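For reference, the structure is listed below as structure tokens.
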Amino acid sequence: MSEKPTKHTKVLIIGSGPAGYTAAVYAARAMLKPMLVAGMQPGGQLTITTDVENYPGFADVIQGPWLMEQMREQAKAVGTDLVEDHIQSVNLKSKPFEAIGDGGQKYTADSIIISTGAQARWLNIESEEKFKGFGVSACATCDGFFFKDKTVAVVGGGNAAVEEAMFLTKFASKVKLIHRRNELRAEKLLQKKLMENKKIEIIWDSVVEEVIGDEEPKNVKGLKIKNIKTKEMSELKLDGLFIAIGHDPATSLFKDQLEMDNTGYLITKSDSTETNVPGVYAAGDVKDKIFRQAVTAAGMGCMAALEAEKYLASN
């Protein structure tokens, strides 16, 4: 098999959520002919989010997958080269920068915009792994529908956990929110809505020790939970478990090449998307653990493209 010819671009965008697509739109309109490698989940986390009410410009509720499809089409229309591939490794020490795709395709770039996003975090207990996809999920909007008139639990205490719990009340008859502390981290307005919802019960100071279920057919029957103050164990009967305890940025690719914080988020200069390597920029959830919104990711994608354009002009 002959080796595939190397693909070169002025701007290589790795990842395809709101940050990646917006960066592509701006870079393409600056006549930089960007190349965007979509990755394993084209469109990112928004493709597993149904109702989007907080993205500016739409008076009606829109669907996450639709919004990402529109951004993709827009990036394409203005001249982005969209590539279906997944980047396996990068070399940020070489000039131009190098990246290798899953099938061995080599990409070289004068600048790189990283928008690889983040993924849901799991509890990492054996029984959770066993029932993943059989009653254990990290995405209420993907799987909530399957729990019509059933009892489910959500683990977590931040905005995501509260939003998941509220969303699940559309389907489930009862939602138990399990949180390891005795107060939530979620925004006050969300907490108020949660407390007012008759279908939701909060279980404080507790952690999931084990997911209980049947082997054949595989399905969740309940949970063993432990109160971390009293050390008391108890069992809950329920049909599904949703994990909402935060996210991990997809940055393993850049380990030992780019500066990260202790949780793996890429560090950028103040008021900038530039990493510690000139010509390499990071936008969206891969560097932002505070806001994590589609609109802030898109804003950073715009910043990254403008910074890349300036960098390329001066080099």
Side-chain angles (χ1 to χ4, degrees), residues 4 7-88 99 101-103 105 107-120 139 141-142 145 247 249-250 253 273 281-288 291-310 312:
K4 297 171 184 162
K7 292 184 178 182
H8 181 75
T9 179
K10 287 180 187 149
V11 184
L12 178 66
I13 300 165
I14 305 175
S16 59
Y21 287 140
T22 307
V25 168
Y26 274 82
R29 295 190 71 239
M31 299 301 169
L32 296 172
K33 297 194 175 75
M35 187 181 286
L36 183 149
V37 179
M40 286 213 275
Q41 189 184 23
Q45 293 180 77
L46 268 191
T47 55
I48 55 171
T49 309
T50 47
D51 294 0
V52 176
E53 293 184 62
N54 54 10
Y55 197 83
F58 303 96
D60 294 320
V61 178
I62 54 169
Q63 299 300 302
W66 176 84
L67 179 63
M68 295 330 298
E69 190 54 39
Q70 292 296 305
M71 284 194 195
R72 182 182 183 276
E73 290 306 311
Q74 185 180 6
K76 193 176 169 182
V78 291
T80 305
D81 182 3
L82 296 166
V83 182
E84 296 298 323
D85 198 354
H86 178 68
I87 299 296
Q88 278 285 26
D102 262 349
Q105 174 67 56
Y107 305 88
T108 57
D110 300 321
S111 68
I112 291 182
I113 294 171
I114 299 164
S115 50
T116 46
Q119 276 103 24
C139 177
T141 45
C142 323
F145 178 76
H247 289 78
L253 204 52
T273 62
Y281 305 90
D285 283 17
V286 75
K287 69 136 282 179
D288 168 27
F291 303 107
R292 292 203 295 253
Q293 300 300 306
V295 66
T296 49
M300 279 183 263
C302 160
M303 287 164 65
L306 295 175
E307 288 187 284
E309 181 188 6
K310 200 171 162 187
L312 293 167

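Note that the structure is a prediction, hence the values are computed from the model and not measured. Residue numbers count from 1 along this sequence.
- For A308 against Y281, the heavy-atom pair with the smallest separation is CA-CE1, 3.7 Å.
- Between M71 and T22, the closest heavy-atom pair is SD-OG1, 4.4 Å.
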D288 vs T296, side-chain contact (heavy atoms from CB on, under 4.5 Å): CA-CA, chis, key distance, verdict: CA-CA 9 Å; D288 168 27; T296 49; 3.8 Å; yes

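- Judged by distance alone, the side chain of T116 and the main-chain N or O of G15 form no donor-acceptor pair under 3.5 Å.
- Remark: Y107 OH is packed, more than 12 non-hydrogen atoms of other residues, nucleotides or ligands lying under 6.0 Å away.
- Of all non-hydrogen atoms in M300 and T273, the two that sit nearest each other are O-CG2, 3.6 Å.
- A donor-acceptor contact closer than 3.5 angstrom is absent between the side chains of Q105 and D85.
- Side-chain contact between H86 and V37: absent, with no pair of heavy atoms (C-beta onward) separated by less than 4.5 Å.
- How far CD1 of I62 is from CG of L46: 8.5 Å, rounded to the nearest 0.5 Å.
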Verdict with supporting geometry, H247 and Q45, side-chain contact (heavy atoms from CB on, under 4.5 Å): CA-CA 11 Å; H247 289 78; Q45 293 180 77; 3.0 Å; yes

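- Between R72 and E84, at least one side-chain nitrogen of the basic residue sits less than 4.0 Å from a carboxylate oxygen of the acidic one, meeting the salt-bridge criterion.
- In this structure, CG in L12 is found 8.0 Å from OG in S111, a value given to the nearest 0.5 Å.
- Closest approach of A28 and T80 over heavy atoms only: CB-OG1, 3.8 Å.
- In this structure, N54 and Q293 have side chains that are in contact, with non-hydrogen atoms separated by less than 4.5 Å.
- Here the shortest heavy-atom pairing between L306 and Y26 reads CD2-CD2, 4.1 Å.
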Derivation and outcome, side-chain contact (heavy atoms from CB on, under 4.5 Å), residues D110 and T9: CA-CA 7 Å; D110 300 321; T9 179; over 6 Å; no

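- Atom CZ of F145 has 12 or fewer heavy atoms from other residues, nucleotides or ligands within 6.0 Å.
- Closest of all the heavy-atom pairs between K76 and L82 is CB-CD1, 3.7 Å.
- Using a 4.5 Å heavy-atom cutoff, the side chains of M35 and V11 are not in contact.
- Between I14 atom CD1 and I113 atom CD1 the span is 10.0 Å, to the nearest 0.5 Å.
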Residue pair L253, I87: steps toward the side-chain contact (heavy atoms from CB on, under 4.5 Å) verdict: CA-CA 8 Å; L253 204 52; I87 299 296; 3.9 Å; yes

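- Taking CD of Q63 as the start and CE of M68 as the end, the distance is 13.5 Å to the nearest 0.5 Å.
- Annotation: the span from E69 atom CD to Y21 atom OH amounts to 7.5 Å, rounded to 0.5 Å.
- The line from NE2 of H8 to OG1 of T108 is 5.0 Å long, rounded to the nearest 0.5 Å.
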